Amino acid sequence: MEKIYNPHAIEQRWYETWESNGYFSPELTNDTAKTVSQKKDSYCIMIPPPNVTGRLHMGHAFQDTIMDTLIRYHRMKGDNTLWQPGTDHAGIATQMVVERLINSEGKTRHDVGRDAFIDKIWDWKKESGSTITKQLRRMGASLDWQRERFTMDDGLSEAVKEVFVQLYEEDLIYRGKRLVNWDPVLHTAVSDLEVISEEENGHFWHMRYPLSDGSSSLIVATTRPETMLGDTAVAVHPEDERYKSMIGKTIKLPLTDREIPIIADDYVDPEFGTGCVKITPAHDFNDYEMGKRHDLAIINIFTVDAAINDNAPEKYQGMDRYAARKAIIKDLQQSGLLEKIEDHRLMVPRGDRSGAVIEPYLTDQWYVKIAPLAEPAIKAVENGDIRFVPDNWKNTYFEWMNNIEDWCISRQIWWGHRIPAWYDEDGKIYVGHDEKAVRSKHQLDDSIKLRQDDDVLDTWFSSALWPFSTLGWPEKTPEFDTFYPTNVLVTGFDIIFFWVARMIMMGLKFTGKVPFTEVYVHGLVRDSHGQKMSKSKGNVLDPIDLIDGIELETLVEKRTKGMMQPQMAKKIEKVTRKDFKDGIPSFGTDALRFTFAIQATTGRDIKFDMGRIEGYRNFCNKLWNASRYVLMNTEGHDCGIGGKEKHTDMIFSLADKWIISRLQETKKQVTDSLNTYRLDLAAQAIYEFTWNEYCDWYLELSKSVLSSESDDSTSGEAGLREAQQQGTRYTLVHVLENLLRITHPIMPYITEEIWQRVAPLAGIKQDSSRQETIMLQPYPVPDTNKIDQSALVEMNWLQQFILGVRQIRSGYDIKPGKLLTVLLQNGSAADKERLLTNKLMLKKLARLESIKWLEKTDEVPESSTALVGEMQILIPMAGLIDIDAERERLNKEIDNNQGFIKSLEGKLANENFVSRAPENVVAMERQKLSDAQSKLKNLTEQLEKLKTL
RNA sequence: GGGUGAUUAGCUCAGCUGGUUAGAGCACCGCCCUUACAAGGCGGGGGUCAUAAGUUCGAAUCUUAUAUUACCCA
């Protein structure tokens with residue numbers, strides 16, 4: 001093995017091997033007498049399909065790490081495991097990309113024509129559609145690519161039609177003229193969820209509306225004066241004394257020749273503004289509702305581009321809405337009807353794709369009647385059929401589901417599932433799978449011309465079917481039988497409404513079952529300053545750059561190229577140069593995955609800090625080098641393959657027994673954590689075990705057994721020594737092999753690479769294809785019988801001993817290489833026994849020349865002291881240690897101890913504590929006190945000794 | 001305005017159903033190129049757990065209020 005861990009040398013190679021060997025695929029059988037797959041539990045996760053033409057971002061990388069870890073864990077546990085891959089056609093987003101390409105050639109999509117345009121999108125998909133799937137492969141994602149799906153595949157399109165037709169036939173889909181969110185740039189309706197409202201600076205215009213009879217006038221305030229052309233009433237509160245007398249009268253609407261009524265409605269807040277509200281039913285959602293209540297005329301004054309249409313006075317026709325606004329204000333001013341203009345902060349709705357200000361606009365659209373679908377979906381979460389992790393997200397879900405509005409599913413774009421509805425020349429609607437089906441069902445012969453609806457379905461309509469459409473529904477398939485309902489949906493909270501809720505509704509409606517039993521909601525990946533990553537902020541990190549590394553100049557260029565606001569480029573460049581002085585080094589996939597995993601605490605965003613990933617790259621290197629050590633010391637030797645059963649004479653040291661015990665505890669902690677979606681705790685346990693226990697202690701201790709040096713107390717005959725070394729070699733290999741399997745779900749590459757070398761030494765036969773890879777090995781199961789409590793206690797003694805010596809050594813700047821003489825006093829029989837069996841290890845790790853017992857009565861030379869329980873470790877000072885410094889050190893420790901004792905005494909002196917606290921707690925405190933007291937006594941004695949000198 | 005979460009060492013975060021003098025990584029200080037690893041080893045310093053009150057024998061942990069902050073919804 002190379003001395004330095006180099007992820008590039010291993011990662012891609014292993015992925016290709018795994019994929020080409022079909023290791024990602026579950027087992028399936030069509031037989032009724034099912035064998036393998038029936039006996040096994042199935043485990044399935046559906047990938048949230050990324051945009052087919054998208055690129056992998058940090059959010060994906062995080063999410064995919066979580067999913068792949070779960071998938072690999074379950075696959076190793078022996079579950080029949082499927083991670084279903086696929087991509088989404090992403091209607092508006094994809095169409096916009098291709099439209100921009102065409103625009104750059106100086107053409108519009110209308111020049112190209114619908115069919116040719118769609119062909120172009122398919123071409124684009126072919127060209128760029130594999131980018132994201134290639135990137136997923138770089139992440140090590142063990143998706144079953146043979147089953148890759150696309151939301152506009154034939155099969156999935158069939159599912160979409162089936163669902164649409166069925167919902168329509170049950171009156172759950174209807175077509176209606178409604179006020180929708182209209183995007184005047186994209187020329188399409190969008191759903192409520194696709195509208196982002198943000199506060200922006202604007203104005204409040206106060207306009208005077210004169211009464212028709214000339215008796216008086218009213219002042220209305222508005223943020224959108226141009227809509228006055230569509231006003232069909234002015235409303236006041238029915239109890240408002242100021243205006244009560246005017247209710248029922250009419251107003252002469254300025255700039256037009258229309259008269260409109262003054263109406264009364266509770267909705268009006270008399271405290272707000274002037275207490276009079278202009279009502280424009282065609283261009284405001286609240287006004288629309290009020291218009292319906294009062295049977296007001298609805299006058300649409302906008303074209304699809306949000307310019308003034310022919311319903312308005314000729315003067316304004318054709319003007320853009322903002323030009324019209326200016327003109328209207330000017331005209332009102334001139335007629336003295338503009339009272340005043342105030343600055344005002346207002347919520348401005350913008351399309352999430354186009355950024356254009358959304359207009360409420362009256363059009364014909366298709367809707368899903370949502371209430372009947374929402375009801376069972378709410379129940380499913382209430383009764384626990386679906387569980388959110390963390391649990392509190394269910395509140396958000398309920399909140400939304402209980403206030404849900406009908407879902408506008410039609411979009412006036414070209415890329416997507418065309419609505420399976422046809423119109424005859426009278427405008428009568430026929431819904432069916434295709435024109436032929438429609439004709440035969442309704443007995444329409446060829447003489448009747450049918451025209452298909454031009455609209456396509458909201459992208460989320462097909463996404464909502466994803467959990468079952470990908471498994472072949474509406475066909476009956478073994479995949480569906482085996483994997484549906486799926487186990488867990490892993491997603492960000494941002495699409496709970498867009499996607500999760502809709503999948504639940506559609507899943508229940510069409511399969512009668514929930515689509516998944518758990519929803520794991522993860523946080524957002526932010527930059528190191530806690531800012532959301534976005535192109536316009538120039539703080540985006542590309543996961544692939546973290547894996548491969550990137551030069552500073554390339555990174556700067558990448559972040560500043562093609563910006564919406566080029567003026568930001570300078571600032572971004574500056575910050576980038578500051579944050580990434582030397583660019584980004586190559587960290588490798590495993591380090592990136594580990595960084596995500598260890599930060600995947602539930603319900604918290606991740607601030608992505610370069611320090612962390614660097615640390616975990618170092619962790620990979622640590623694991624790498626530890627493995628090198630193990631291999632160097634075990635390859636070519638007898639490593640006790642088969643364990644104690646085959647090698648009855650094999651001898652295990654304290655360290656061996658200890659690390660085996662700790663391994664069991666670690667296995668338990670990791671599996672418990674993975675079972676509860678605490679990837680952070682799992683990763684943390686792995687990190688600590690590997691570094692702080694296996695490497696820092698166990699490998700060091702093993703050296704004393706494996707080194708050629710001998711020791712009179714343990715050497716004995718050669719056979720004995722060989723048996724000890726065999727025990728240690730066995731343990732080295734056994735623990736490492738287990739550790740690799742434990743770690744594999746999080747860090748697949750490095751574990752596979754090392755495992756290939758280690759497995760033969762651990763006696764794992766690699767003769768059948770499924771045993772050629774760590775991916776398909778069983779996940780380690782904790783064995784509590786192998787936890788040796790006395791070894792844990794004794795090891796703690798050994799560690800305390802070594803730490804005590806090290807502290808003295810370091811405290812007095814004694815060279816690490818200097819071998820010390822250590823005297824021991826006041827030890828128990830157990831201490832003596834422990835010393836005897838572990839002398840070699842102690843000497844090696846504490847770097848000791850010799851260890852001698854002193855009798856109680858023996859003369860003690862000037863020494864620095866450490867304590868292990870009652871036992872005193874004395875390091876003679878002669879020439880090494882300064883008496884004053886030692887006094888100071890002892891005093892400090894005495895102080896410390898006295899503080900501790902005081903707090904314990906206080907606690908135990910408290911009658912209430914002793915009488916009310918549980919017995920074991922009190923006993924523990926008593927024990928602590930007596931330990932501390934004896935320690936204090938010991939320390940004080942040491943200090944006295946020094947004083948008398 | 002309503003809802004949800006967060007506030008613990010200089011930074012990024014653990015701390016499970018209340019029971020050690022509150023932990024880790026990075027950063028910091030000192031010593032060390034010890035034959036797995038300087039992407040390393042050994043040792044060390046650093047926090048009145050946002051504030052206030054309450055419950056309790058005992059609170060970082062539970063309750064309430066306040067402050068700050070983030071997100072979601074209107």
Side-chain angles (χ1 to χ4, degrees), chain A residues 1 3-5 192-193 197 347 390 392-393 395-396 398-400 403 493-494 496-497 523-524 526 528-532 585 587 591 595 598-599 601-633 672-673 676 678 680-681 683-685 687-688 691-692 695-696 699-700 702-703 707 732 802-803 805-818 844-847 896-904 906-918 920-922 924-925 927-928 931-932:
Chain A
M1 284 168 79
K3 187 172 171 185
I4 298 284
Y5 159 68
D192 294 345
L193 290 169
S197 287
M347 297 302 280
N392 54 290
W393 282 108
N395 298 326
T396 310
F398 289 140
E399 179 64 25
W400 190 67
N403 296 296
F493 54 84
D494 47 335
I496 288 183
F497 306 141
L524 218 64
R526 299 169 175 278
S528 59
H529 310 288
Q531 294 287 310
K532 223 169 175 168
F587 294 116
T595 308
I598 205 162
Q599 292 188 92
T601 73
T602 45
R604 195 160 175 150
D605 289 350
I606 290 183
K607 285 186 202 170
F608 199 89
D609 185 67
M610 298 304 283
R612 294 293 287 263
I613 189 171
E614 190 182 341
Y616 301 123
R617 191 269 321 259
N618 294 353
F619 176 62
C620 292
N621 191 46
K622 190 75 179 174
L623 179 61
W624 183 262
N625 278 296
S627 306
R628 278 179 62 225
Y629 168 80
V630 173
L631 292 169
M632 284 162 81
N633 284 286
D672 286 353
S673 301
T676 51
R678 290 303 301 266
D680 57 327
L681 298 182
Q684 190 68 34
Y687 184 93
E688 282 170 4
W691 203 311
N692 304 338
C695 290
D696 286 351
L699 294 193
E700 293 306 320
S702 76
K703 288 174 186 173
S707 77
L732 278 170
I802 292 165
L803 285 172
V805 175
R806 281 177 180 168
Q807 274 160 2
I808 292 170
R809 185 190 288 278
S810 182
Y812 296 108
D813 286 344
I814 302 168
K815 291 281 170 200
K818 164 104 181 137
K844 180 96 179 166
L845 258 74
R847 297 198 162 247
N896 233 332
N897 221 253
Q898 277 170 335
F900 187 37
I901 288 171
K902 210 173 157 191
S903 84
L904 286 170
K907 207 181 244 184
L908 286 162
N910 184 340
E911 193 53 41
N912 281 323
F913 173 70
V914 180
S915 59
R916 297 200 201 187
N920 62 326
V921 173
V922 178
M924 245 165 61
E925 297 295 303
Q927 182 61 47
K928 271 189 254 167
D931 287 354

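Because only heavy atoms are used, hydrogens play no part in the values below, and waters and symmetry mates are left out as well, while side chains stay in. Note that the coordinates shown come from a computational prediction; the quantities given were computed from them, not determined experimentally. Chain identifiers are assigned alphabetically (A, B, ...) following the order of the sequence lines, protein sequences preceding nucleic acid strands; residue numbering begins at 1 within each chain.
Listed for the A:Arg526 side chain is no donor-acceptor partner under 3.5 Å among the backbone atoms of A:Phe608.
Backbone-only contact: A:Asn392 has heavy atoms under 4.0 Å from sugar-phosphate atoms and none from a base. Within the 4.0 angstrom heavy-atom criterion, base atoms lie near A:Cys695. Among the heavy atoms of the strands lying under 4.0 Å from A:Ile4 is at least one base atom, whether or not backbone atoms are also near. Counting any heavy atom pair closer than 4.0 Å across all strands shown, A:Thr601 reaches sugar-phosphate atoms only and no base atom. Using a 4.0 Å heavy-atom cutoff across all strands shown, A:Asp680 reaches no nucleic acid atom at all. Within 4.0 Å of A:Leu631, counting heavy atoms only, lies no atom of the nucleic acid at all. Here A:Arg604 lies in heavy-atom contact (under 4.0 Å) with sugar-phosphate atoms only. Within the 4.0 angstrom heavy-atom criterion, base atoms lie near A:Tyr5.
Contact of A:Glu700 with B:rA36 (side chain to base): a donor-acceptor pair of N or O atoms is detected under 3.5 Å. Looking at A:Lys703, its side chain comes within 3.5 Å of the base of B:rA36 through a donor and an acceptor atom.
Taking side-chain N and O atoms only, A:Lys907 has no distance below 4.0 Å to OP1 or OP2 of B:rG58. Remark: A:Lys3 is in phosphate contact with B:rA38, judged by side-chain N or O atoms under 4.0 Å from OP1 or OP2. Phosphate contact (OP1/OP2 of B:rG43, side-chain N/O of A:Arg806, threshold under 4.0 Å): present. The shortest distance between the side-chain N/O atoms of A:Ser810 and the OP1/OP2 oxygens of B:rC42 is not below 4.0 Å. Side-chain N/O atoms of A:Trp691 include one lying less than 4.0 angstrom from OP1 or OP2 on B:rG41. Phosphate proximity of B:rC37 to A:Lys622: absent, as no side-chain N or O sits under 4.0 Å from OP1 or OP2. A close approach under 4.0 Å does not occur between any side-chain nitrogen or oxygen of A:Asn395 and OP1 or OP2 of B:rG3. Applying the 4.0 Å criterion to OP1 and OP2 of B:rA24, one finds that A:Gln684 has every side-chain N and O outside that range. Neither OP1 nor OP2 of B:rG41 sits under 4.0 Å from any side-chain N or O of A:Arg809.
Atom-to-atom, CZ of A:Phe587 to P of B:rC26 comes out at 14 Å; the value is rounded to the nearest Å.
In this structure, the nucleotide among B:rC13, B:rG19, B:rC32 sitting nearest to the side chain of A:Arg612 is B:rC13. Comparing B:rA36, B:rA24, B:rC37 by their closest approach to the side chain of A:Tyr629 singles out B:rA36. Comparing atom distances between the A:Lys928 side chain and each of B:rC73, B:rU20, B:rA14 picks out B:rU20 as nearest.
With both ends at atom P, the span from B:rA59 to B:rG54 equals 12 Å, rounded to whole Å. Taking the C1' atom of each, B:rG45 and B:rG30 are spaced 10 Å apart, rounded to whole Å. For the C1' atoms, the distance linking B:rU20 with B:rU61 amounts to 15 Å, nearest Å. Annotation: B:rU66 and B:rU7 have their C1' atoms spaced 14 Å apart (nearest Å). The same atom, P, is picked in B:rU56 and in B:rC13; the two are 36 Å apart, to the nearest Å. The C1' atoms of B:rC37 and B:rG19 are separated by 41 Å, rounded to the nearest whole Å.
When ring centroids are compared, A:Tyr687 and A:Tyr616 come within the 6.0 Å threshold.
Base-pair partner of B:rU51: B:rA65 (Watson-Crick or G-U wobble, both distances under 3.5 Å).
Both A:Lys607 and A:Arg847 lie close to RNA chain B; mapped to their nearest nucleotides by heavy-atom distance, the more 5′-ward contact belongs to A:Lys607.
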